[in-house]
**Q** 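One structure follows; several queries about it will come next.
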Amino acid sequence: SLSAGLRQAGFNNAQGAIGAGDSSTAAAATQTNLQAASNKLRKAMDATFPVHTDGVVVGAASIQFKSTFATSDANWAWQEWGVFNSPTAATGRMLNRKVESLGTKTSAASWALTVTLSLS
């Protein structure tokens with residue numbers, strides 16, 4: 001099950017989301033959203049996500065988030081992603097943002113993005 005603190009912050013299936021955008025602006029702790037000017041989209045968590053794994057060994061616990069972007073969603077070069085507690089772009093809190101090139105998504109395919117964060 002998901003830890004109580006993350007559930008209370010809205011990082012749960014009903015409110016959680018992953019966003020993808022096309023900005024390569026360096027990540028900074030002060031950022032509250034994806035940095036793309038217009039090519040950014042948040043998608044709600046897939047059913048049963050997020051998943052929290054308790055670790056027997058200190059540092060072995062993790063939480064996994066997953067969202068699927070349909071053929072009509074986010075068709076641009078994916079340069080950044082983030083985990084949010086709201087699928088609505090104007091609200092919520094960003095838990096994590098990563099800048100990395102994941103390729104260019106087109107309408108020819110759906111993409112599922114899975115994010116695993118290690119907890120300690």
Side-chain angles (χ1 to χ4, degrees):
S1 71
L2 189 60
S3 70
L6 287 171
R7 274 196 314 274
Q8 290 172 348
F11 293 100
N12 55 48
N13 184 263
Q15 296 167 281
I18 294 177
D22 69 354
S23 175
S24 59
T25 299
T30 56
Q31 294 165 344
T32 59
N33 203 347
L34 296 174
Q35 299 301 292
S38 59
N39 287 339
K40 58 185 170 186
L41 178 69
R42 294 183 195 179
K43 292 296 290 189
M45 288 288 124
D46 287 1
T48 74
F49 285 87
V51 177
H52 178 255
T53 304
D54 293 321
V56 177
V57 178
V58 175
S62 66
I63 184 167
Q64 191 172 63
F65 302 90
K66 181 181 178 187
S67 295
T68 299
F69 294 76
T71 56
S72 60
D73 298 327
N75 292 315
W76 53 68
W78 286 22
Q79 299 292 326
E80 61 177 334
W81 57 263
V83 175
F84 298 88
N85 68 351
S86 172
T88 305
T91 63
R93 173 122 176 109
M94 183 168 61
L95 175 64
N96 191 55
R97 177 175 175 264
K98 174 77 174 170
V99 177
E100 67 179 314
S101 178
L102 297 176
T104 300
K105 184 183 171 305
T106 69
S107 61
S110 294
W111 282 14
L113 182 57
T114 303
V115 175
T116 303
L117 299 178
S118 296
L119 305 173
S120 59

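Counting begins at 1 with the first residue of the sequence.
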**Q** One pair to check against side-chain contact (heavy atoms from CB on, under 4.5 Å): Glu100 and Leu102. What are the steps and the verdict?
**A** CA-CA 6 Å; Glu100 67 179 314; Leu102 297 176; 3.7 Å; yes
**Q** What do the steps show when you test Phe65 against Leu113 for side-chain contact (heavy atoms from CB on, under 4.5 Å), and what is the final call?
**A** CA-CA 8 Å; Phe65 302 90; Leu113 182 57; over 6 Å; no
**Q** Under the 3.5 angstrom rule, does the side chain of Gln35 hit a backbone N or O of Asn33 as a donor-acceptor pair?
**A** yes
**Q** How many angstroms lie between OG1 in Thr68 and CD1 in Ile18, if you round to the nearest 0.5 Å?
**A** 8.5 Å
**Q** Are Leu117 and Met45 joined in one hydrophobic group, where the rule is that I, L, V, M, F, W and Y side chains link up if heavy atoms are under 4.5 Å apart?
**A** yes
**Q** What residues, two or more places apart in sequence or in another chain, satisfy side-chain contact (heavy atoms from CB on, under 4.5 Å) together with Ala27?
**A** Gln31, Arg97, Val99
**Q** Would Ile63 and Val51 show up in the same hydrophobic cluster when neighbours are defined by side-chain heavy atoms closer than 4.5 Å?
**A** yes
**Q** Mind checking what makes ring-ring contact (aromatic ring centres under 6.0 Å, His included) contact with Phe69, not counting sequence neighbours?
**A** Trp78
**Q** Can you pull out every salt bridge (charged side-chain N to carboxylate O under 4.0 Å, His left out) where at least one residue sits in residues 62-75? Sequence neighbours excluded, please.
**A** Lys43-Asp73
**Q** Asp22 side chain to Lys40 main-chain N or O, any donor-acceptor pair under 3.5 Å?
**A** no
**Q** If we ignore angles and hydrogens, is there a donor and acceptor under 3.5 Å between the side chains of Thr116 and Gln64?
**A** yes
**Q** If every non-hydrogen atom of Gly21 is compared with every non-hydrogen atom of Ala36, which pair is closest and at what distance?
**A** CA-CB, 4.2 Å
**Q** Can you tell me which residue pairs pass the side chain to side chain donor-acceptor pair (under 3.5 Å) test with a partner in residues 101-114, sequence neighbours excluded?
**A** Asn75-Lys105
**Q** Within the side chain of Glu80, is there an N or O that forms a donor-acceptor pair under 3.5 Å with the backbone of Thr25?
**A** no
**Q** Output the distance between atom OG (Ser38) and atom CH2 (Trp76), rounded to the nearest 0.5 Å.
**A** 8.0 Å
**Q** What residues, two or more places apart in sequence or in another chain, satisfy side-chain hydrogen bond (donor to acceptor under 3.5 Å, both in side chains) together with Thr88?
**A** none
**Q** Go through the structure and list residues passing side-chain hydrogen bond (donor to acceptor under 3.5 Å, both in side chains) with Thr91, not counting sequence neighbours.
**A** Ser86
**Q** Going through the checks in order, is the side-chain contact (heavy atoms from CB on, under 4.5 Å) test met by Asn39 and Gln79?
**A** CA-CA 10 Å; Asn39 287 339; Gln79 299 292 326; over 6 Å; no
**Q** When you look at Phe49 and Val115, which way does the side-chain contact (heavy atoms from CB on, under 4.5 Å) test go after all the steps?
**A** CA-CA 11 Å; Phe49 285 87; Val115 175; over 6 Å; no
